[in-house]
There are 2 protein chains.
Amino acid sequence: MNDSPGVSGTVLPGYPEPLWIQAVNVIRGEIDRGVLRPGGRLPPERELCRQLGISRVTLRKALGSLVEAGVLSPSHGRGWYVAKSTQKKEWPNSLESFSETAARMGLEPHSTVLRAEATPATIDEAEQLGIAPGTSLFRLERVRLLEGVPIALDLTRLRSALVPGIDSVDFRVRSLYSTLSAAGIEPVRADSTIEATKADERVAGHLDLAAGDPVLVMRQVALSAQQEPLFVSTIRYAGDRYRLRTSFSRSHD
Amino acid sequence: MNDSPGVSGTVLPGYPEPLWIQAVNVIRGEIDRGVLRPGGRLPPERELCRQLGISRVTLRKALGSLVEAGVLSPSHGRGWYVAKSTQKKEWPNSLESFSETAARMGLEPHSTVLRAEATPATIDEAEQLGIAPGTSLFRLERVRLLEGVPIALDLTRLRSALVPGIDSVDFRVRSLYSTLSAAGIEPVRADSTIEATKADERVAGHLDLAAGDPVLVMRQVALSAQQEPLFVSTIRYAGDRYRLRTSFSRSHD
DNA sequence: AAGTGGTCTAGACCACCCC
DNA sequence: GGGTGGTCTAGACCACTTA
C-alpha cells in the first residue's frame, strides 16, 4: 500500500498518512463508488488484508474508525456490513456550530460586538471555571446575525490570563475561535444545558423580538483534553429563527 | 494478569473479561485511589506493560478507551497524563434520558397515555422513516410526569410491523424502551433538532401551561447500527420545568 | 541522544454463526 | 467443521519532546 503511488492524492503534511487512514479512505471510496452497497457484506478481514496489503491489526483499526463514523457495523461470526442509507451524508456527531449552520444554508454570518472587557468573576462563574471569585474575566458579548437578521445573543467568558492581550483584540474583524486557536486553546468537549425561556426586555431588544417571545438558551462549559474548564458561554437564540441540530449516540456498552 | 485471581471480582459472564478491559479497570482504580493524581503523568507504556503483564498493543487499546472516556490524554514524546478535575464524575456523552434525569434528581417518573393506535403514515412521516406513505404507523402519545407534575408531551411513531402485536401492549404498565428492546430493536443514534416555540392550546392544556408559554421541542429520528430509521419522536417540554443536559465533543480528527 | 508515544507486522488462539 | 470476527503477543521502526 505504501508502494502504490496515487492511491490517494492527498499527502500534504510532507509525511504519508498512516496506513489505517489510507485504508479508511479506500473503503469509504468503494462505498461511495457503489462497489460496496448499503446493507451488503464486506470481504472477510483476512481477504481485505491481502487486497490492501496491510496487517489485520491495522485493518481492524480502520474498520473500528468506520464503525464510530456509523459507516460499518460488525457481526461476530458473520462479517462486516455496510450501514444502510449511507446516502444521508453526514450530520455532525457534535453540535453544528453557528458558522457551520450558516454555511449549510448558504448564508453569510456576521457579528456585532456589544461588550468586550475584563471584569471580576462572580461566584457562579468562578465555580464553573474552577477559579477564584474576583479573578479577572474577559467578557465578550455579541449579536450574531445571518443576512442582517439577528439570530442569537452570545455571551462568552474566559480567564483574561488565558489569552494575554485579549482585551485589545478587535472582535469586529477577528473571530473568537481563531483567537483562541492561535493561543493554543483547543476545546474538545462542551458540557451543555438547553432550555426554553421567555425573552426579557433586553434580550428582546437585541434580537428584535417582543418581550415574552420564546428563546432557546444554551449554556456551555468548554473543556480541554485535560478536562480543564476553558470558557463558559451562554447563547440565547430567537426561538422562531433557529434550530439546533445534533445527533446523540447511545454509548455502545 | 490472567493468573492473578481477585484483580477484579466481576467475572459474571462465565468468561473472563478481555485483558484490555481489565487494564482499563486497574488504571481507573489507581486514579480513584489517588495513586495517580489528576494532571499527573503515567509510567511509560513499556513500563505499564511490564507491570500489567500485557502486550503494548493491548495496553494501548485500554489507554485509547480511557481517552474516549475523557480520563487520560496522550502527549506525543512526553507521556500519558491524567485529566484534571476527574472529580466531575461523568456526564453522559449521549443525551440524558427522561428516566435518567428523574433518577439523578431522586424523583419518580410516571406516564399517562393519551393515544396508542395504528394509523396510516403521512408523507412527512414516511419520508423521515424511509417507508411508503400510508404504511401502518403505531402512534404512542404520552404525558410524562415527575411527582405528578407534567413535564413533557411525547409523541412517538414507528412502523407497526417492527413490533408485532404492539397495539395490544398496555403502555400504562410497560415502558416503550423495554418493549422495543424485547423485540430486538436497539437504537444506537438519534438525529435531533431542538427549538423553542410557543405552546398552543392543546399542548398548554396537557402540560398545565398558558397558551404562548415557551416550550422546548425536540424532534428525533432514532437509527439502528445499520443506520436504518427505527422510529421518530417529538417531545415537547414545559420550558420552565425542564432542561436538556448533554455534552458535545469536537471530533478528534 | 535518550525517552516516549504512534504505527505496523505476522502469527496465534478463542468465541460465535451457519451448514 | 469451516468461516468469520474478537483478542492477544513480541518485536520492529518512526516521529516528537527534552535536554
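Proteins get letters first, then strands, A, B, ... in listed order; numbering begins at 1 in each.
One can place CG of A/Leu52 at 18 Å from P of C/dT7, the figure rounded to the nearest angstrom. B/Arg60 places its CZ atom 17 Å from the P atom of D/dA10, with the value rounded to the nearest Å. As rounded to whole Å, 16 Å separates atom P of D/dG3 from atom CD of A/Glu45. Per the geometry, CD1 belonging to A/Ile21 stands 15 Å off C1' belonging to D/dC14, to the nearest Å. Protein atom CD of B/Glu17 is 17 Å distant from nucleotide atom P of D/dG6, rounded to whole Å. The CG atom of A/Leu48 sits 17 Å away from the C1' atom of C/dT9 (whole-angstrom rounding). In this structure, the CG atom of B/Leu59 is 15 Å from the C1' atom of C/dT7, given to the nearest Å.
Close to C/dT7, at under 4.0 Å from its OP1 or OP2, lies a side-chain N or O of A/Trp20. Put simply, A/Trp80 has a side-chain N or O that comes within less than 4.0 Å of OP1 or OP2 on D/dG5. Side-chain nitrogen and oxygen atoms of B/Lys61 include at least one within less than 4.0 Å of the OP1 or OP2 phosphate oxygen of D/dT7.
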Contact list (N/O, under 3.5 angstrom) for nucleotides 17-19 of chain C vs protein:
none

Contacts under 3.5 Å, N or O only, protein and nucleotides 11-13 of chain D:
residue, atom, partner, partner atom, Å
D/dA12, N6, B/Arg56, NH1, 3.2

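Distance check: B/Gln220 CD to B/Ser192 OG gives 3.5 Å after rounding to the nearest 0.5 Å.
Applying the salt bridge (Lys or Arg N to Asp or Glu O under 4.0 Å) test to pairs two or more places apart or on separate chains, those with a residue in residues 155-168 of chain A are A/Glu125-A/Arg157.
Between C/dA10, D/dG6, C/dT7, one nucleotide has an atom nearer to the side chain of A/Ser55 than all others, and that is C/dA10. The side chain of B/Pro18 sits closest to D/dC8 out of D/dC8, C/dT4, D/dT4. Closest to the side chain of A/Pro74, from the set C/dT7, D/dC8, D/dG6, is D/dG6.
Every residue meeting the side chain to side chain donor-acceptor pair (under 3.5 Å) condition with B/Glu45, not counting sequence neighbours, appears here in chain and number order: B/Arg56, B/Arg60, B/Trp80. The side chain to side chain contact (heavy atoms under 4.5 Å, CB included) test applied to A/Pro44 returns A/Arg41, A/Glu47, not counting sequence neighbours. Listed by chain and residue number, nothing satisfies the side chain to side chain donor-acceptor pair (under 3.5 Å) test with B/Arg37 (two or more places apart in sequence, or in another chain).
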Query raised in the report: Step by step, would you call B/Arg142 with B/Leu140 a side-chain contact (heavy atoms from CB on, under 4.5 Å)?
Result: CA-CA 7 Å; B/Arg142 295 172 294 172; B/Leu140 176 62; 3.7 Å; yes
Report task. Test A/Arg139 against A/Thr156 for side chain to side chain donor-acceptor pair (under 3.5 Å), laying out the working first. Result -> CA-CA 6 Å; A/Arg139 294 160 197 283; A/Thr156 298; over 6 Å; no
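Closest of all the heavy-atom pairs between A/Ala126 and A/Ala132 is CB-C, 3.8 Å.
In this structure, A/Phe138 and A/Phe171 have tilted ring planes: the angle between them lies in the 30° to 60° band.
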